[in-house]
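This report concerns only the one structure given below.
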There are 2 protein chains.
Amino acid sequence: MEKKEFKEKVYSELAGLTKALANPYRLQIIDLLAQSSRTVEEIATQLDVSIANASQHLQTLKGAQLVSIQKEGHYVHYRLADEKVYLVWKSLRDLGIERFAQIERTLKDFREQKNSFQSISIDELIEKVRQENVVVLDVRPEKEYRAGHIPQALSVPMEHLSERIAALPKDKPVIVYCRGPFCVFADEAVEQLQKQGIKAWRLEEGFPDWKSRNLPFHMA
Amino acid sequence: MEKKEFKEKVYSELAGLTKALANPYRLQIIDLLAQSSRTVEEIATQLDVSIANASQHLQTLKGAQLVSIQKEGHYVHYRLADEKVYLVWKSLRDLGIERFAQIERTLKDFREQKNSFQSISIDELIEKVRQENVVVLDVRPEKEYRAGHIPQALSVPMEHLSERIAALPKDKPVIVYCRGPFCVFADEAVEQLQKQGIKAWRLEEGFPDWKSRNLPFHMA
DNA sequence: TAATTATTCAATAGAATTATTGAATAATTA
DNA sequence: TAATTATTCAATAATTCTATTGAATAATTA
């Protein structure tokens with residue numbers, strides 16, 4: 001094989017893979033599937049697009065081998081094909097956050113509005129948990145918690161938060177986490193907690209970031 | 001700002017960034033600029049495309065803030081805007097190599113043909129250098145060597161390799177590196193060295209990968 | 001000032017991508 | 001077997017992306 005032909009093959013393959021990622025809905029799908037597997041309908045609902053359209057995007061991702069499927073009854077469950085797919089999304093996300101005033105401003109504005117502008121890092125979380133002076137809340141839907149969560153975290157899905165605030169210890173601050181830096185559950189939870197007089201921060205990143213650092217996690 | 005509007009903004013920005021990368025020529029440009037800055041003409045020559053076309057691709061990358069420019073005389077020098085841009089490319093590349101039989105096969109075929117199928121990792125290189133029983137060759141163009149290279153490496157650009165083989169110690173094996181896993185210089189160098197009876201391997205990755213691991217490097 | 005050089009711009013035609021629509025498929029239940 | 005359900009497919013029009021061409025710009029040199 002000639003040099004040029006070789007290069008063309010390799011870079012075209014990789015550009016194809018990149019193209020499959022290059023769409024806002026498909027990036028959202030990657031972010032969702034990083035939490036837990038999902039059916040076509042669940043994804044369509046989350047993205048607020050038609051089922052046919054969600055299916056089309058999923059076909060694109062499957063064609064690029066970024067996601068894989070498992071059939072069960074007449075449901076098709078989609079999942080990420082590889083942990084490395086998440087790492088690509090993470091590196092894109094981190095580049096975006098660092099370089100684009102647009103994104104950083106958008107994030108900051110949103111959080112100020114929710115009073116959750118003080119966010120903490122995974123390292124800070126580890127340190128505070130070690131000192132046993134915080135409560136950690138996972139506010140994602142229960143299915144995602146079951147698919148994997150930070151060891152000491154309690155599952156309190158957003159829709160149950162208000163009724164369970166009373167049961168939280170008043171003397172310990174709370175750290176809330178959810179899907180990732182673009183997930184708003186944690187911001188809304190911090191807002192609610194602060195209104196009830198409980199000190200609360202959000203974790204900057206989400207559970208998949210914890211997992212991708214090879215930190216221990218629990219399932220079920 | 002509403003939740004939905006917020007999500008749309010953020011994911012659209014990131015999809016835009018991804019789209020700017022999603023083209024075989026533009027990925028090649030990223031790979032080249034990771035070695036050293038370049039003018040439009042140099043890039044056009046390397047990619048074997050027209051200057052206007054190269055300029056157009058560079059405009060796309062610049063629009064997405066993936067590269068930045070520095071004007072000098074009537075030359076425009078392009079460089080990567082951020083180390084994180086390389087990390088995105090690296091993660092895409094690693095996903096591609098791991099997941100696509102296509103790419104792996106293409107790489108393997110090419111290397112078998114060049115007798116350089118035995119490649120070594122950066123960790124193995126470090127260990128061998130520590131034991132002082134190898135010679136390390138950087139076979140990239142001199143400009144790229146000057147912009148940054150592995151500390152103990154000698155600069156032997158491909159076009160001077162044949163004339164400088166005689167001066168190499170016959171008793172030490174040689175490790176050759178170049179731009180990265182898709183760069184064929186190292187494969188061709190290994191082929192030439194083996195023909196002269198010198199034991200030689202290629203480094204699996206390239207100099208930018210060494211740098212991105214925050215290992216020490218020399219300049220000029 | 002005129003000529004040269006490196007780069008960018010603008011217009012264009014062909015190709016690819018997108019969301020929408022409605023029909024087709026395939027697994028389950030009545 | 002017929003009806004139901006989740007998903008996929010196929011066709012379409014609107015938009016976006018691409019390489020090419022030739023002209024425009026801006027920095028340098030004659």
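Just so you know, these numbers come straight off a predicted model, no measurement behind them.
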Seminar exercise, completed: Contacts of A:Glu42 meeting side-chain contact (heavy atoms from CB on, under 4.5 Å) (sequence neighbours excluded), chain-then-number -> A:Arg38, A:Thr39, A:Lys143

Exercise. Do the two ring centres, one from B:Tyr145 and one from B:Phe207, sit under 6.0 Å apart?
Worked result: no

Seminar exercise, completed: Sorted by number, residues from residues 56-81 of chain A placing a heavy atom under 4.0 Å from DNA chain C are A:Gln56, A:His57, A:Gly73, A:His74

Exercise. Side chains of B:Tyr11 and A:Asp31: donor-acceptor distance under 3.5 Å anywhere?
Worked result: yes

Exercise. Would you call A:Asp94-B:Lys84 a salt bridge at under 4.0 Å N-O?
Worked result: no

Exercise. Among residues 17-47 of chain B, which contact DNA chain C at a heavy-atom distance under 4.0 Å?
Worked result: B:Thr39, B:Val40, B:Glu41

Exercise. Looking at CD1 of B:Ile165 and CG of B:Leu193, how far apart are the two atoms once the value is rounded to the nearest 0.5 Å?
Worked result: 4.5 Å

Problem set entry | salt_bridge(B:Lys9, B:Glu5) N-O dist < 4.0 Å | no

Problem set entry | For chain B, the stretch of DNA chain D it reaches, first to last nucleotide, under 4.0 Å of its heavy atoms | D:dC17 to D:dT28

Problem set entry | Pair B:Arg111 + B:Glu204: basic N to acidic O under 4.0 Å | yes

Exercise. So does A:Lys90 pair up with A:Asp209, basic N to acidic O under 4.0 Å?
Worked result: yes

For this session: Please examine the side chains of A:Glu8 and B:Pro24, heavy atoms only from C-beta on, and report whether any two atoms are closer than 4.5 Å.
Result: no

Exercise. Name the stems with DNA chain C in them: runs of three or more consecutive Watson-Crick or G-U pairs, distances under 3.5 Å?
Worked result: C:1-30 with D:1-30

Problem set entry | Charged N-O contact under 4.0 Å between B:Arg213 and B:Glu205 | no

For this session: To the nearest 0.5 angstrom, please state how far the CG atom of B:Leu61 sits from the CG atom of B:Leu17.
Result: 10.0 Å

Exercise. With sequence neighbours left out, which residue pairs that include part of residues 21-40 of chain A fulfil the ring-ring contact (aromatic ring centres under 6.0 Å, His included) condition?
Worked result: A:Tyr25-A:His57

